[in-house]
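I have placed the structure first, in the form of structure tokens, so that the comments after it can refer back to it.
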Amino acid sequence: MSTTLPFFSALDHEYMAHALRLAERGLYTTQPNPRVGCVIAQGDEVVGTGFHQRAGEPHAEVYALREAGARARGATAYVTLEPCAHHGRTPPCAEALVAAGVARVVVAAEDPFPQVDGRGMARLRAAGITVDVGLLREAARELNIGFFSRIERGRPFVRVKLAMSLDGRTALGNGESKWITGEAARTDVQRWRARSSAILSGSGTVLTDNPRLTVRLPQGQEFAPPLRVLLDRQLHTPAGSQVLDGSTPTLVLHGAAAVCADDRFERVERVAVATQNDALDLRAVLALLAERGCNEVHVEAGPILCGALFAAGLADELLLYIAPLLLGDAARPLLHLPTLGDMAERWQLQVIDQRQLGTDWQLQLRPA
């Protein structure tokens with residue numbers, strides 16, 4: 001990745017920002033593909049726009065080129081991700097740009113996918129097209145943070161969602177937790193679920209709360225249903241649990257030695273994964289989900305599983321909702337973490353975003 005950027009004009013910034021806004025329109029629908037937008041301009045006039053809407057359908061560049069028509073010749077195309085150069089479920093976008101006769105392509109971020117990875121830009125340059133890379137790169141990578149994580153690190157981006165009282169408690173001592181936060185915060189959680197490839201929880205949470213782990217958005221809002229993933233090492237999830245209802249694709253991960261003599265899991269998929277210290281190997285779990293094309297994993301679980309993800313360095317983000325109430329010392333803690341012997345060992349987080357939702361606060365934090 002080049003560290004020296006070419007000169008980008010104010011108009012370049014304006015059009016790439018437009019392309020990023022277009023890409024964001026595919027936030028809930030492109031899984032497992034990245035969210036990509038494209039703007040085609042002749043000078044100060046936009047002649048074509050497009051965004052990738054769903055996996056298997058045309059990419060952003062194709063929609064923009066269709067709209068631009070003959071006016072694409074000699075134009076500049078602004079694309080939030082390097083145009084593909086291979087035949088997948090759709091033809092290569094680099095070839096489409098070449099055939100349309102564009103003169104310049106401005107790319108926000110390089111595509112690390114092995115079948116692209118510089119080949120798209122090389123094809124454009126070989127055809128005599130000027131290619132400038134790096135405009136609003138970080139914003140483009142942030143929009144596809146899970147895609148980049150899966151391709152570059154071999155595991156999804158893990159977002160842990162937790163809700164707590166002001167005194168750091170997530171549930172009463174008997175496990176009751178409905179509802180710590182208000183309606184605005186709970187509605188916000190649905191949007192985070194919708195953008196995720198998978199919603200992951202543990203059998204303990206299912207036993208306590210019997211959650212559906214589905215997305216509930218306003219009527220007419222399109223989304224690709226995330227995969228429900230349940231970690232149940234010993235297959236103890238009881239019959240009648242909503243997560244086993246077969247209403248949406250569900251994957252139950254368990255230890256190799258676990259057995260179930262009845263048919264409670266007949267409507268879901270079961271896969272055995274490696275165990276470590278009497279628990280499922282979380283790295284193996286995430287590797288398996290990456291192999292299945294999961295980009296962002298949204299975790300809604302109890303303090304043991306969430307704490308284990310943090311302790312293993314596998315929690316990339318904490319989505320924390322804070323309610324203005326107190327639950328007392330007997331209530332359940334936010335996370336179960338190893339005892340620290342020194343303050344230097346503490347988990348340091350940085351605030352990425354903060355906002356008020358009704359009477360609650362939302363903090364978006366990442367390891368410093």
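Keep in mind that this is a model prediction, so the values were computed, not measured.
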Report yes if some heavy atom in the side chain of Gln362 is under 4.5 Å from a heavy atom in the side chain of Asp188; otherwise report no. yes

Would you find a donor on one side and an acceptor on the other, under 3.5 Å apart, between the side chain of Arg169 and the backbone of Leu334? no

Taking the side chain from Glu82 and the backbone from Gly118, do they hold a donor-acceptor pair closer than 3.5 Å? yes

Quick one: closest heavy-atom pair of Val133 and Pro6, and the distance? O-CD, 3.6 Å

Determine, step by step, whether Phe265 and Thr237 satisfy the side chain to side chain contact (heavy atoms under 4.5 Å, CB included) criterion, reporting the C-alpha distance in whole Å, the side-chain angles of both residues, the deciding distance to 0.1 Å, and the verdict. CA-CA 9 Å; Phe265 295 101; Thr237 301; 4.2 Å; yes

Should we say atom CG of Asp329 is surrounded by more than 12 heavy atoms from elsewhere, each under 6.0 Å from it? no

NZ/NE/NH1/NH2 to OD/OE distance under 4.0 Å, Arg54 and Glu57: yes

Can you get from Leu309 to Ile199 by hopping between Ile, Leu, Val, Met, Phe, Trp and Tyr side chains that sit under 4.5 Å apart? no

Counting only N and O atoms by type, is there a donor-acceptor contact under 3.5 Å from the side chain of Asp262 to the main-chain atoms of Arg264? yes

So, Arg35 and Asn144: side-chain donor and acceptor under 3.5 Å apart, yes or no? no

State, yes or no, whether a side-chain contact exists between Val273 and His254 at a heavy-atom distance under 4.5 Å. no

Working for side chain to side chain contact (heavy atoms under 4.5 Å, CB included), residues Leu143 and Glu24: CA-CA 7 Å; Leu143 182 61; Glu24 195 170 2; 4.1 Å; yes

Would a distance-only check, ignoring hydrogens and angles, find a side-chain to backbone donor-acceptor pair under 3.5 Å from Gln190 to Arg216? yes

For residues Leu230 and Ser203, report the shortest heavy-atom separation together with the two atoms involved. CD1-N, 3.7 Å

Taking salt bridge (Lys or Arg N to Asp or Glu O under 4.0 Å) as the definition, give me every residue that meets it alongside Asp12, ordered by chain and number, with sequence neighbours left out. Arg104

With a cut-off of 6.0 Å (strictly less than), are more than 12 heavy atoms of other residues, nucleotides or ligands near CZ of Arg25? no

Within the structure provided, determine whether Thr181 and Thr359 are in side-chain contact (heavy-atom separation under 4.5 Å). no

Glu300/Arg193 salt bridge by N-O under 4.0 Å criterion: yes

How many angstroms lie between CG in Leu162 and CG in Leu335, if you round to the nearest 0.5 Å? 5.5 Å

May I ask you to check whether over 12 heavy atoms, not counting those of Glu269, lie within 6.0 Å of atom CD? yes

Within 45° cone and under 6.0 Å: Arg66 NZ/CZ vs Tyr63 ring: yes

Glu222 side chain to Thr29 side chain, donor-acceptor N/O pair below 3.5 angstrom: no

I want to know whether Tyr15 and Tyr78 have ring centres closer than 6.0 Å. yes

How long is the straight-line distance from NE2 of His52 back to SG of Cys93, given to the nearest 0.5 Å? 9.0 Å

Side chain to side chain contact (heavy atoms under 4.5 Å, CB included) evaluation trace for His336 with Phe310: CA-CA 9 Å; His336 282 298; Phe310 271 93; over 6 Å; no

Do Ile304 and Leu314 sit in the same hydrophobic cluster, where Ile, Leu, Val, Met, Phe, Trp and Tyr count as joined when their side-chain heavy atoms come under 4.5 Å apart? no

Ring-face cation contact, Phe148 with Arg141, 6.0 Å cut, 45° max: yes

Are the side chains of Leu289 and Leu200 in touch, meaning some heavy atoms are under 4.5 Å apart? yes

Salt bridge or not for Asp232 and Arg270, using N-O below 4.0 Å? no

With a 6.0 Å cut-off (strictly less than), is the heavy-atom count around CG of Leu325, excluding the residue itself, greater than 12? yes

On a heavy-atom basis, which atom in Pro226 and which in Val215 lie closest, and how many Å separate them? CD-CG2, 3.6 Å

When you measure from the side chain of Thr250 to the backbone N and O of Val268, does any donor-acceptor pair fall under 3.5 Å? no

Leu135 reachable from Phe51 in the ILVMFWY side-chain graph, under 4.5 Å edges: yes

Under 3.5 Å, side chain of Thr205 to main-chain N/O of Ser201, donor-acceptor pair present? no

Working for side chain to side chain contact (heavy atoms under 4.5 Å, CB included), residues Thr275 and Asp281: CA-CA 5 Å; Thr275 57; Asp281 185 332; over 6 Å; no

Any non-hydrogen side-chain atom of Met16 less than 4.5 Å from a side-chain atom of Thr80? yes

Answer yes or no: is there a side-chain heavy-atom contact under 4.5 Å between Leu124 and Leu97? yes

Quick check: do Lys161 and Val299 have side-chain heavy atoms less than 4.5 Å from each other? no

Using the salt bridge (charged side-chain N to carboxylate O under 4.0 Å, His left out) rule, collect all pairs that involve residues 352-368, keeping only residues at least two apart or in two chains. Glu142-Arg366, Glu317-Arg366, Asp353-Arg355

Check the surroundings of atom CZ in Arg186: do more than 12 heavy atoms from other residues, nucleotides or ligands lie under 6.0 Å from it? yes

Could you grab the distance from atom SG of Cys260 to atom CD of Gln234, nearest 0.5 Å is fine? 12.5 Å

How close do Arg155 and Ala290 get, counting heavy atoms only, and between which atoms? CA-CB, 3.8 Å

Would the distance check show the side chain of Thr30 and the main-chain N or O of Asn33 forming a donor-acceptor pair, the cut-off being under 3.5 Å? yes

Main-chain N/O of Leu81 paired to Asp111 side chain as donor or acceptor, under 3.5 Å: no

Could you give the side-chain donor-acceptor pairs of residues 42-50 under 3.5 Å, partners two or more places apart or in another chain?
unit_1	atom_1	unit_2	atom_2	d
Gln42	NE2	Arg71	O	2.7
Gln42	NE2	Arg73	O	2.8
Glu45	OE1	Arg71	NH2	2.9
Glu45	OE2	Arg71	NH1	2.9

Drop me the distance from Gln354's CD to Gln364's CD, to the nearest 0.5 angstrom. 11.0 Å

Has Asn295 got a side-chain atom pairing as donor or acceptor with Pro156's backbone, closer than 3.5 angstrom? no

Are side-chain N/O atoms of Arg153 and Ser149 paired as donor and acceptor at under 3.5 Å? yes

Quick one, Leu253 and Leu280 - any side-chain contact, counting heavy atoms below 4.5 Å? yes

Can any side-chain N or O of Asp167 pair as donor or acceptor with the backbone N or O of Gly328 at less than 3.5 Å? yes

